[in-house]
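Reviewing the structure listed below.
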Amino acid sequence: MNGKQLKNSILQWAIQGKLVPQDPNDEPASVLLERIRAEKARLVKEKKIKKDKNESIIYRGDDNSYYEKFLATGEVKCIDDEIPFEIPNGWEWCRLSLLIYPPKYGTSKKSVPSGILPVLRMGNIQDGEIVFDKLVFSNDLDDNKKLLLQYGDLLFNRTNSAELVGKTAIFRGQRNAIFAGYLILLRPIFINSEYLNLLLNTPYARDYCNEVKTIGVQQCNINAEKISNLLVPIPSLFETVRIVEKVKNIALPIIKYGELYQKLKHLNGELPIILRKSILQEAIQGKLVPQIAEEGTAQELFEQIRQEKLQLVKEGKLKKSALTDSIIFKGDDNKYFEKNGNTEMNITDEIPFEIPDSWSWVRLNDICSYIQRGKSPKYSLIKKYPVVAQKCNQWSGFSIDKAQFIDPDTLSSYGEERILQDGDLMWNSTGLGTLGRMAIYCSTLNPYELAVTDSHVTVIRAMKKFVLPQYLYYYFTSNTVQSVIEDKSDGSTKQKELATATVKTYLVPIPPLMEQSRIISKIEQLASIMSR
């Protein structure tokens, strides 16, 4: 329950007699209503107001059903289907029209930017209060005397959006003012205006406004007759005071609760992200699953990759450029070095964290058979060969739905290596906001014969017999990589670019093959738990 829901619940409890206890020494609400009827009769007799032709008395019959008797005609009808909830003994139901002077619409005359008399508009009603902000004025003081507001008057916003139509505020006599035509004056008689304002902001009253509003082209409208017909639960006068005081006393705690709820909601939203980052970080540092000596070492795995590459080059299945002599090792002084042929370089500053002894740091190119940007396509409306672009690679996964298509006649210009294979990593390599986003290609998600990438996406094809693409995906989506992705890129702040040479030389922590598999399983298991 958020802050708004809690406030609404409390307001609803208030008008149902559940917020403060009833005092048996209070005079019943029926006495208050009779006093109001007598006062209105006096005002009618003195010709200060017109008689309400729809005035009625609502009572409960011997059969416990509610009835409404119209005083002008003597007609009686059962209104059980209108009564929204039960109220305590001593309370009464009545129409809002009984509790107020005949409602008035505001002025329809044009206002001016400056003058002697502020004209309150719907924008001056904010959170149940009137704010004297962005005012317009009227200089027709004599013509507008009947619209001058009195302390305790309620203003009802009759025309607004579907959400805001019916909002109210109490005029507290801050200064002389009148009101515009989009507002209706509801002036209480012998009834606590704070209680009426509270009631008109309950879910019950808001639902009523929603039911009776007239929907226009741009705005909704509720006229004076409809709001006057609202059924109002009335307690004793003293209980209305206790209710209002109680609501005021808990207003600040409700606001505080709402703030804490929003913080908790934000934290709950952030927590899975934080946990995922922590899990990935633990995984790529060798801390998520234990090392098992019988599974061998990454150095042995790396040697197998080198031998496999040599064999593929001999068979003409791999370009010679895929072969490297790079070896990264840790010296006796605990510093890291990289040896290329006869050249040895201290790369300790590049190493982001320590890894287990059975792991190895390698360059990405050393464990891949292919790393290359896609090419700029010639597009076609013929939906045959999709082109994976940046928008196809989302953190939620790979989607072919957003792809465009190449001209089928240009397919022959694409080498075989450019056709995407299952397990290929597709790394967004240009553009702010998309740079560094990665997905794994899966042919089962592509209903077409094949797919290629455009020049904004780098394809990373691992030696899948030795390095699992899913493990690499977890590494490249970890905070270690993503937090510095822009620092690693070239270009201006408006167009960052991750060069292919940079991608190829990325440092990657590699565990033995079986440990890679166990890491993937553990991450998936924890992700499943977090999503429950």
Side-chain angles (χ1 to χ4, degrees), residues 260-291 298 336 348-356 358-364 367 390-399 423-442 457-458 460 462 467-489 493 496 498 502-503 505-513 515-532:
L260 292 174
Y261 176 87
Q262 289 302 321
K263 289 180 180 178
L264 179 61
K265 184 179 179 181
H266 177 74
L267 180 60
N268 287 337
E270 289 290 312
L271 190 58
I273 299 172
I274 295 170
L275 285 175
R276 185 180 186 278
K277 287 182 178 180
S278 297
I279 290 167
L280 291 184
Q281 202 60 35
E282 293 284 292
I284 64 173
Q285 291 183 233
K287 298 177 181 179
L288 190 62
V289 299
Q291 284 72 53
Y336 284 91
T348 304
D349 291 343
E350 287 189 64
I351 302 297
F353 50 78
E354 287 297 318
I355 53 177
S358 58
W359 290 36
S360 290
W361 283 103
V362 299
R363 299 290 180 185
L364 181 60
I367 56 173
Q390 293 160 301
K391 58 188 175 183
C392 300
N393 298 329
Q394 302 290 332
W395 286 126
S396 56
F398 162 66
S399 173
D424 282 351
L425 299 175
M426 301 173 293
W427 206 5
N428 290 355
S429 300
T430 63
L432 291 175
T434 62
L435 184 72
R437 212 160 57 198
M438 180 179 278
I440 302 177
Y441 180 74
C442 181
V457 177
T458 299
I460 301 169
V467 180
L468 301 178
Q470 191 72 40
Y471 171 79
L472 289 181
Y473 172 82
Y474 287 139
Y475 173 67
F476 282 109
T477 57
S478 71
N479 194 57
T480 292
V481 174
Q482 291 296 318
S483 63
V484 296
I485 195 73
E486 288 193 17
D487 297 334
K488 293 271 190 180
S489 60
T493 54
K496 290 286 187 178
L498 200 57
T502 302
V503 177
T505 56
Y506 244 98
L507 280 171
V508 181
I510 291 295
L513 181 60
E515 189 170 343
Q516 293 176 41
S517 181
R518 289 190 289 112
I519 288 171
I520 293 168
S521 296
K522 190 66 174 179
I523 292 173
E524 291 175 347
Q525 177 192 1
L526 293 174
S528 175
I529 293 172
M530 288 191 296
S531 65
R532 291 175 188 171

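Numbers here are sequence positions counted from 1.
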Sub-4.5 Å side-chain heavy-atom contact between [X] and [Y]:
{"X": "Tyr471", "Y": "Pro509", "result": "yes"}
{"X": "Leu288", "Y": "Leu526", "result": "yes"}
{"X": "Ile460", "Y": "Met438", "result": "yes"}
{"X": "Tyr474", "Y": "Glu524", "result": "yes"}
{"X": "Leu507", "Y": "Val362", "result": "no"}

Next item on the list: In sequence, state the C-alpha distance, the side-chain angles, and the governing distance for Lys488 and Leu435, and then conclude on side-chain contact (heavy atoms from CB on, under 4.5 Å).
Entry: CA-CA 11 Å; Lys488 293 271 190 180; Leu435 184 72; over 6 Å; no

For Gly423 and Pro469, work out which heavy atoms get closest and say how close.
->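 Shortest heavy-atom separation between Gly423 and Pro469 comes out as O-CB, 3.2 Å.
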
Shortest non-hydrogen contact between Ser358 and Pro512, atoms and distance
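The answer is O-CD, 3.9 Å.
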
Given the rule in the side-chain contact (heavy atoms from CB on, under 4.5 Å) test, do Ile440 and Leu425 qualify, once you have shown the distances and angles that lead to the verdict? CA-CA 5 Å; Ile440 302 177; Leu425 299 175; 3.6 Å; yes

Pairwise distance [atom1]([X]) to [atom2]([Y]) - rounded to 0.5 angstrom:
{"X": "Leu472", "Y": "Trp427", "atom1": "CG", "atom2": "CH2", "value": "10.5 Å"}
{"X": "Gln262", "Y": "Lys265", "atom1": "CD", "atom2": "NZ", "value": "5.5 Å"}
{"X": "Glu282", "Y": "Ile523", "atom1": "CD", "atom2": "CD1", "value": "11.0 Å"}

Check for a donor-acceptor pair, side chain of [X] on one end and backbone N or O of [Y] on the other, with a separation under 3.5 Å.
{"X": "Gln516", "Y": "Pro511", "value": "yes"}
{"X": "Ser478", "Y": "Tyr475", "value": "yes"}
{"X": "Gln291", "Y": "Gly286", "value": "yes"}
{"X": "Arg437", "Y": "Asn428", "value": "no"}
{"X": "Thr502", "Y": "Leu498", "value": "no"}
{"X": "Thr434", "Y": "Thr430", "value": "yes"}
{"X": "Asn479", "Y": "Lys277", "value": "no"}

Check whether Phe353 forms a cation-pi arrangement with Lys287 (NZ or CZ under 6.0 Å from the six-membered ring centre, at most 45° off the ring normal).
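No, Lys287 and Phe353 do not form such a contact.
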
Trp359/Gln285 under side-chain contact (heavy atoms from CB on, under 4.5 Å): CA gap, chis, key distance, verdict: CA-CA 9 Å; Trp359 290 36; Gln285 291 183 233; over 6 Å; no

*Would you please test Trp361 and Glu350 for side chain to side chain donor-acceptor pair (under 3.5 Å) and show each step?*
CA-CA 11 Å; Trp361 283 103; Glu350 287 189 64; over 6 Å; no

Side-chain H-bond candidate by donor/acceptor type, Ser399 with Gln394, under 3.5 Å: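 Side chains of Ser399 and Gln394: no pair found under 3.5 Å.
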
Requested in this report: Sort out for me which residue in Ile284, Ile485, Leu364 forms a side chain to side chain contact (heavy atoms under 4.5 Å, CB included) with Phe476.
Outcome: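 Only one option passes, and that is Leu364.
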
